[in-house]
S.K.: 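For reference, the structure I am asking about is given below.
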Amino acid sequence: MKNRFEQTWRWYGPNDSVSLQDVKQAGATGIVTALHHIAHGDVWPLEDIQERKKIIEDSGLRWSVVESVPVHEAIKTRRSDAGKYIENYKQSLRNLASSGVHIVTYNFMPVLDWTRTKLDLELKNGAKALYFNWTDLAAFDIFVLKREQAEKDYPEEIAAAAKKRFEGFTPADIEELNRVILMGIPSEKDISLEDLHTSLEIYKEIGFEGLLSNLLWFLNEIAEVCEENGIKMAIHPDDPPYPILGLPRIASNKDDYLKIINGLDRDFNGVCFCTGSLGAGVNNNVPEIAEALKHRVHFAHFRNVKKDEQGNFYEADHLDGDVDMATVLSIFIAENQRRQEPIPFRPDHGHQMLDDLEKVTNPGYSAIGRLKGLAEIRGLELGLIRSKV
């Protein structure tokens with residue numbers, strides 16, 4: 001077999017507690033990063049891109065994937081001033097392409113980029129994982145956010161459990177839950193509950209079909225620039241893959257993704273295939289989704305989750321969750337052989353463990369847990385390849 005996956009690693013830039021030297025020792029060769037200091041919607045300056053690229057290459061690595069160039073809320077809502085943000089986005093893509101960076105991950109999740117209810121669930125072995133619990137979310141939604149008729153969006157048993165849980169919360173519990181949930185809002189400024197209410201009302205009017213229409217409009221607007229510059233756009237799944245706080249979600253399952261890639265059937269319009277995000281969906285068959293989308297997967301996140309019957313989940317070891325990782329990898333190994341360039345993947349998230357338990361890191365992005373995940377995925381890939389040779 002000619003192609004192995006390109007092994008990459010998410011790096012948050014020079015201020016990341018995980019260094020590029022750490023990445024090299026982990027065995028990755030590609031870096032996945034973004035210019036987080038640039039305000040959402042602004043053009044990524046060519047000189048800033050080149051400076052970041054030089055730092056990476058001076059360390060003996062390559063900048064393989066951008067994650068992410070954020071899509072401004074004005075575009076997602078197709079606000080009257082969306083045009084200027086579209087033009088800025090196009091220029092950022094041109095600047096990236098001229099610097100040799102051609103895979104751009106993004107998401108189209110309204111308001112909330114990702115949602116968890118606990119960042120440090122302690123596992124049986126003492127490691128810590130990210131966790132999502134519907135009862136905690138309902139307690140926040142119904143009794144903290146106080147969204148109108150929020151209780152109707154939850155099964156009766158969840159709403160009842162949320163009431164009981166909220167009654168037992170201390171002010172510190174409420175503050176912490178509020179902090180964790182609002183952490184998923186990718187904004188340069190602190191956002192209040194009042195701000196969130198305003199956004200929820202806007203998206204209530206837009207709905208699922210409106211948001212999908214806005215995504216396809218956005219992709220159509222940038223299509224020419226992408227094709228002229230060899231840019232591959234890779235949309236990340238909703239995380240978790242459900243409507244949250246009444247917000248529409250349009251990239252949560254196989255049908256959603258087929259609507260996206262067939263809605264603008266051009267090669268640049270592709271997928272960031274995240275096994276963890278899709279695996280959190282109770283009704284999602286992740287290998288089946290991989291088979292349906294493999295021809296448009298420009299980038300992959302490999303991680304795993306364990307769910308219960310209510311859909312609560314925690315992020316499990318990479319090879320020890322509900323996602324059949326061996327079957328998923330087999331699908332992408334076969335697809336990889338059809339390609340001139342290998343599919344880049346990164347070990348997505350990892351448990352906080354060993355010495356990292358004493359360090360402050362970005363949630364899910366401590367070094368040792370991801371090193372373990374990368375080693376496991378690397379070994380599984382090699383084993384699967386050898387079994388087919």
Side-chain angles (χ1 to χ4, degrees), residues 6-42 44-45 47-71 92 95-96 99 101 103-107 109 112-116 119-120 128-130 179-180 182-190 234 236 239 272 274 276-277 299-303 315 344-374:
E6 182 187 8
Q7 298 172 26
T8 70
W9 187 277
R10 188 167 190 180
W11 183 61
Y12 282 88
N15 294 326
D16 196 327
S17 61
V18 181
S19 70
L20 291 174
Q21 184 67 27
D22 295 336
V23 177
K24 288 178 68 176
Q25 291 180 16
T29 58
I31 291 296
V32 178
T33 192
L35 302 185
H36 298 289
H37 62 283
I38 304 297
H40 292 186
D42 287 358
W44 284 20
E47 55 270 26
D48 288 43
I49 294 170
Q50 292 176 340
E51 179 184 4
R52 178 64 57 86
K53 187 180 183 215
K54 185 176 187 304
I55 292 170
I56 292 167
E57 292 181 346
D58 284 350
S59 295
L61 299 161
R62 69 182 291 261
W63 188 352
S64 302
V65 179
V66 177
E67 188 176 353
S68 302
V69 181
V71 180
S92 294
N95 291 346
L96 284 163
S99 302
V101 185
I103 300 176
V104 175
T105 306
Y106 72 106
N107 74 71
M109 286 179 262
L112 292 162
D113 194 311
W114 54 274
T115 306
R116 297 292 184 273
L119 304 179
D120 56 355
K128 294 180 179 179
L130 305 185
R179 182 187 72 84
V180 170
L182 295 185
M183 183 180 288
I185 298 177
S187 177
E188 295 82 32
K189 64 181 181 66
D190 290 339
H236 189 281
D239 187 12
C272 170
C274 180
S277 296
F299 180 41
H301 292 174
F302 293 141
R303 67 175 169 88
E315 298 187 357
F345 86 91
R346 66 172 176 84
D348 191 23
H349 298 181
H351 292 160
Q352 192 172 6
M353 58 192 300
L354 304 178
D355 289 353
D356 283 341
L357 287 168
E358 307 304 320
K359 297 176 183 176
V360 176
T361 60
N362 290 300
Y365 288 98
S366 53
I368 299 171
R370 285 187 290 162
L371 168 61
K372 180 172 180 279
L374 178 60

S.K.: Give me the ring orientation class for Phe302 and Phe345: parallel if the planes are under 30° apart, tilted from 30 to 60°, perpendicular past 60°.
M.R.: tilted

S.K.: Mind listing the closest non-hydrogen atom pair of Met109 and Trp114 along with its distance?
M.R.: SD-N, 4.5 Å

S.K.: Are Phe299 and Glu67 close enough that some pair of their side-chain heavy atoms sits under 4.5 Å apart?
M.R.: yes

S.K.: Check whether any side-chain heavy atom of Ile103 lies under 4.5 Å from a side-chain heavy atom of Pro344, and answer yes or no.
M.R.: yes

S.K.: Heavy-atom distance under 4.5 Å between the side chains of Arg116 and Asp239, does that happen here?
M.R.: yes

S.K.: Using 0.5 Å steps for rounding, measure from the CG atom of Leu35 to the CD1 atom of Ile49.
M.R.: 6.0 Å

S.K.: Taking all heavy atoms of Gly30 and all of Ser64, pick out the closest pair and write down the distance.
M.R.: CA-OG, 3.3 Å

S.K.: Just by distance, do the side chain of Trp44 and the backbone of Leu96 share a donor-acceptor pair under 3.5 Å?
M.R.: no

S.K.: Given 3.5 Å as the limit, does a donor-acceptor pair link the side chain of Lys53 with the main chain of Ser99, or not?
M.R.: yes

S.K.: Can you name the nearest heavy-atom pair linking Ser366 to Gly350, along with the distance?
M.R.: OG-O, 4.3 Å

S.K.: Using side chain to side chain contact (heavy atoms under 4.5 Å, CB included), reason through Asp16 and Tyr365 one step at a time and then give a plain yes or no.
M.R.: CA-CA 10 Å; Asp16 196 327; Tyr365 288 98; over 6 Å; no

S.K.: Would you say the side chains of Gln352 and Thr361 form a donor-acceptor pair under 3.5 Å?
M.R.: no

S.K.: Got Asn95 and Pro45 here, is their nearest side-chain heavy-atom distance under 4.5 Å?
M.R.: no

S.K.: Evaluate the side chain to side chain contact (heavy atoms under 4.5 Å, CB included) criterion for residues Arg346 and Val65: first the C-alpha distance (whole Å), next the side-chain angles of each, then the deciding distance (0.1 Å), finally the verdict.
M.R.: CA-CA 10 Å; Arg346 66 172 176 84; Val65 179; over 6 Å; no

S.K.: For a 4.5 angstrom cut-off between non-hydrogen side-chain atoms, does Leu20 reach Ile31?
M.R.: yes

S.K.: Run the side-chain hydrogen bond (donor to acceptor under 3.5 Å, both in side chains) check on Asp48 and His37 step by step: do they pass?
M.R.: CA-CA 10 Å; Asp48 288 43; His37 62 283; 2.8 Å; yes

S.K.: If every non-hydrogen atom of Gly373 is compared with every non-hydrogen atom of Pro347, which pair is closest and at what distance?
M.R.: C-CB, 4.1 Å

S.K.: His236 vs His301, test: ring-ring contact (aromatic ring centres under 6.0 Å, His included). Steps then yes/no.
M.R.: CA-CA 9 Å; His236 189 281; His301 292 174; 5.1 Å; yes

S.K.: Do Thr29 and Trp9 make a side-chain contact, defined as non-hydrogen atoms from C-beta onward lying under 4.5 Å apart?
M.R.: no

S.K.: Side chains of Asp356 and His351: any donor to acceptor distance under 3.5 Å?
M.R.: no

S.K.: Is a side-chain donor-acceptor pair under 3.5 Å present for Thr33 with Arg52?
M.R.: yes

S.K.: Using a cut-off of 6.0 Å, state whether more than 12 heavy atoms not belonging to Asp58 lie near its atom CG.
M.R.: yes

S.K.: Can you tell me if CD on Glu358 sees more than 12 non-hydrogen neighbours from other groups inside 6.0 Å?
M.R.: no

S.K.: How long is the gap from OG1 on Thr115 to CG on Leu112, to the nearest 0.5 Å?
M.R.: 4.5 Å

S.K.: Can you sort out the partners of Asp22 under salt bridge (charged side-chain N to carboxylate O under 4.0 Å, His left out), two or more places apart, ordered by chain and number?
M.R.: none

S.K.: Mark yes or no for whether Ser59, through its side chain, and Ile55, through its backbone, hold a donor-acceptor pair below 3.5 Å.
M.R.: yes

S.K.: Only counting residues at least two apart or in another chain, list the ones meeting salt bridge (charged side-chain N to carboxylate O under 4.0 Å, His left out) with Lys372.
M.R.: Asp317, Glu376

S.K.: Drop me the distance from Ser19's OG to Lys24's NZ, to the nearest 0.5 angstrom.
M.R.: 10.0 Å

S.K.: Between Asp348 and Arg370, does any side-chain N to carboxylate O distance fall below 4.0 Å?
M.R.: no

S.K.: Can you name the closest pair of heavy atoms from Met353 and Gly369 and give their distance?
M.R.: SD-CA, 3.7 Å

S.K.: Output, in order, the C-alpha distance, side-chain angles, deciding distance and verdict of side chain to side chain contact (heavy atoms under 4.5 Å, CB included) for Trp63 and Val32.
M.R.: CA-CA 6 Å; Trp63 188 352; Val32 178; over 6 Å; no

S.K.: Does Leu119 reach the side chain of Arg179, with side-chain heavy atoms less than 4.5 Å apart?
M.R.: yes

S.K.: Between Glu57 and Arg62, does any NZ, NE, NH1 or NH2 come within less than 4.0 Å of an OD or OE carboxylate oxygen?
M.R.: no

